[in-house]
Amino acid sequence: MYSYIKGRLTDMEDDLVVVEAGGIGYNIYTTGQTFDYLPSIGEEIKLYTYLNVREDAMMLYGFLTKDDLRVFKLLIGVSGIGPKGALAILSVMTTDDLRFAILGEDAKAIAKAPGIGAKTAQRLILELKDKFSLEDAFEQKLVHTEEKEADAAKSAKNEAVQALVALGYSSSEALKAIGNVEITPDTDVEDILKAALKNMAFL
């Protein structure tokens, strides 16, 4: 029904976020891993969603990437694992870690998820092992690493802009100065600020 929901992040609770889109606030359940990469309250977010329909409820599950959603769907297709179990697994390990655990038949790592026993973990490996390849696992890990580095750089830039505005500079001045700063995955907010303030002297 919903491919994705794009809107403003308005609230975060223990296991769900609230995203306002088109004047409607959607409760979207997600993983602990996803929370680590969410923007600040009030900022825009896009979550790829899965609608689970039960007799007594309709629940939305959301993920930051299509790959996370794909793996979630594979997990709930395993006998004995529902949406809650799938979220538990993806909260204690990334999709990359899960791929390698399945390919390496590491049931012990998967069984660390709350509510997932050794037998369920072994069944998961048996049913999903043919769905993944080592080549795919390494390729996806590379993609996710690049995405995380880009997100970290964006977050550091935003923090630096806010800090400059707090110091009395206009948003346009701050954005212009930071736009001229070369940012690498190792650059932190303090480094960006120092370089931006140097640039300010020449604006």
Side-chain angles (χ1 to χ4, degrees), residues 1-6 9 12-19 26-39 45-153 155 185:
M1 185 175 178
Y2 302 107
S3 178
Y4 63 82
I5 292 177
K6 185 177 182 181
L9 181 65
M12 288 186 279
E13 297 180 20
D14 290 342
D15 57 353
L16 64 81
V17 296
V18 180
V19 178
Y26 294 91
N27 283 346
I28 304 176
Y29 291 86
T30 191
T31 70
Q33 298 283 343
T34 301
F35 273 89
D36 292 340
Y37 297 98
L38 290 176
I45 186 174
K46 179 179 180 180
L47 292 175
Y48 295 93
T49 55
Y50 174 83
L51 177 64
N52 185 54
V53 181
R54 300 188 329 216
E55 287 184 10
D56 59 342
M58 294 173 65
M59 302 174 75
L60 269 174
Y61 297 87
F63 307 89
L64 290 173
T65 70
K66 287 182 179 179
D67 181 59
D68 287 348
L69 175 59
R70 172 178 168 258
V71 173
F72 173 79
K73 287 179 177 178
L74 287 173
L75 285 172
I76 62 176
V78 174
S79 175
I81 296 180
K84 187 176 180 181
L87 282 191
I89 292 169
L90 294 177
S91 288
V92 299
M93 61 200 316
T94 65
T95 50
D96 295 321
D97 292 336
L98 178 61
R99 277 191 181 85
F100 287 114
I102 290 170
L103 291 168
E105 299 187 18
D106 188 356
K108 191 177 290 186
I110 298 170
K112 288 179 181 178
I116 303 297
K119 286 185 178 179
T120 303
Q122 287 166 355
R123 189 186 312 121
L124 185 156
I125 290 169
L126 188 65
E127 293 188 28
L128 296 186
K129 194 169 184 184
D130 292 340
K131 305 287 186 183
F132 300 117
S133 70
L134 208 53
E135 183 181 358
D136 179 49
F138 280 114
E139 185 178 321
Q140 288 296 337
K141 187 168 180 64
L142 179 62
V143 169
H144 291 157
T145 299
E146 291 172 350
E147 287 175 348
K148 287 173 184 175
E149 287 177 351
D151 287 343
S155 177

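The first residue in the sequence is number 1, and the count goes up from there.
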Nearest atoms (heavy-atom pairs only) where [X] meets [Y]:
{"X": "K129", "Y": "L103", "value": "CE-O, 3.8 Å"}
{"X": "L9", "Y": "V17", "value": "CD1-CB, 3.8 Å"}
{"X": "A107", "Y": "A121", "value": "O-CB, 3.5 Å"}
{"X": "G62", "Y": "I28", "value": "N-CG2, 3.2 Å"}
{"X": "V92", "Y": "P114", "value": "CG1-CD, 4.1 Å"}
{"X": "I45", "Y": "P39", "value": "CD1-CD, 3.9 Å"}

Quick check: are there more than 12 heavy atoms from other residues, nucleotides or ligands sitting under 6.0 Å from CZ of F35?
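Correct, the count exceeds 12.
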Measure the [atom1]-[atom2] distance between [X] and [Y] for me, rounded to the nearest 0.5 Å.
{"X": "I102", "Y": "L126", "atom1": "CD1", "atom2": "CG", "value": "11.0 Å"}
{"X": "K108", "Y": "Q122", "atom1": "NZ", "atom2": "CD", "value": "11.0 Å"}
{"X": "M93", "Y": "D106", "atom1": "CE", "atom2": "CG", "value": "7.0 Å"}
{"X": "F72", "Y": "F63", "atom1": "CZ", "atom2": "CZ", "value": "4.5 Å"}
{"X": "L60", "Y": "L51", "atom1": "CG", "atom2": "CG", "value": "5.0 Å"}
{"X": "M59", "Y": "Y29", "atom1": "CE", "atom2": "OH", "value": "4.0 Å"}

Are the side chains of [X] and [Y] in touch, meaning some heavy atoms are under 4.5 Å apart?
{"X": "L90", "Y": "L98", "result": "yes"}
{"X": "L64", "Y": "L47", "result": "yes"}
{"X": "T34", "Y": "L38", "result": "yes"}
{"X": "L75", "Y": "L128", "result": "yes"}
{"X": "Y61", "Y": "T49", "result": "no"}

Salt-bridge present (R54, D56; N to O < 4.0 Å):
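Salt bridge flag = yes for D56 with R54.
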One thing to verify: whether D67 and R99 come together as a salt bridge, which I'm taking to mean a side-chain N less than 4.0 angstrom from a carboxylate O.
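Yes, charged N to carboxylate O under 4.0 Å.
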Spell out, as yes or no, whether a donor-acceptor pair under 3.5 Å connects the side chain of R123 to the backbone of S79.
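Confirmed, R123 side chain pairs with S79 backbone.
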When you measure from the side chain of S91 to the backbone N and O of L87, does any donor-acceptor pair fall under 3.5 Å?
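Checked: pair present.
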Among residues at least two apart in sequence or on other chains, which ones pass side chain to side chain contact (heavy atoms under 4.5 Å, CB included) with N27?
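Counting only residues at least two positions away or on another chain, N27 forms a side chain to side chain contact (heavy atoms under 4.5 Å, CB included) with L16, V18.
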When the ring planes of Y48 and Y4 are compared, do they come out parallel, tilted or perpendicular, using 30° and 60° as the limits?
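The rings of Y48 and Y4 stand perpendicular, inter-plane angle above 60°.
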Classify the ring geometry between Y2 and Y26 as parallel (under 30°), tilted (30 to 60°) or perpendicular (over 60°).
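The arrangement is perpendicular - the two ring planes meet at more than 60°.
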side-chain contact (heavy atoms from CB on, under 4.5 Å), that's the test. Do I89 and I81 meet it? Break it down for me.
CA-CA 10 Å; I89 292 169; I81 296 180; 4.2 Å; yes
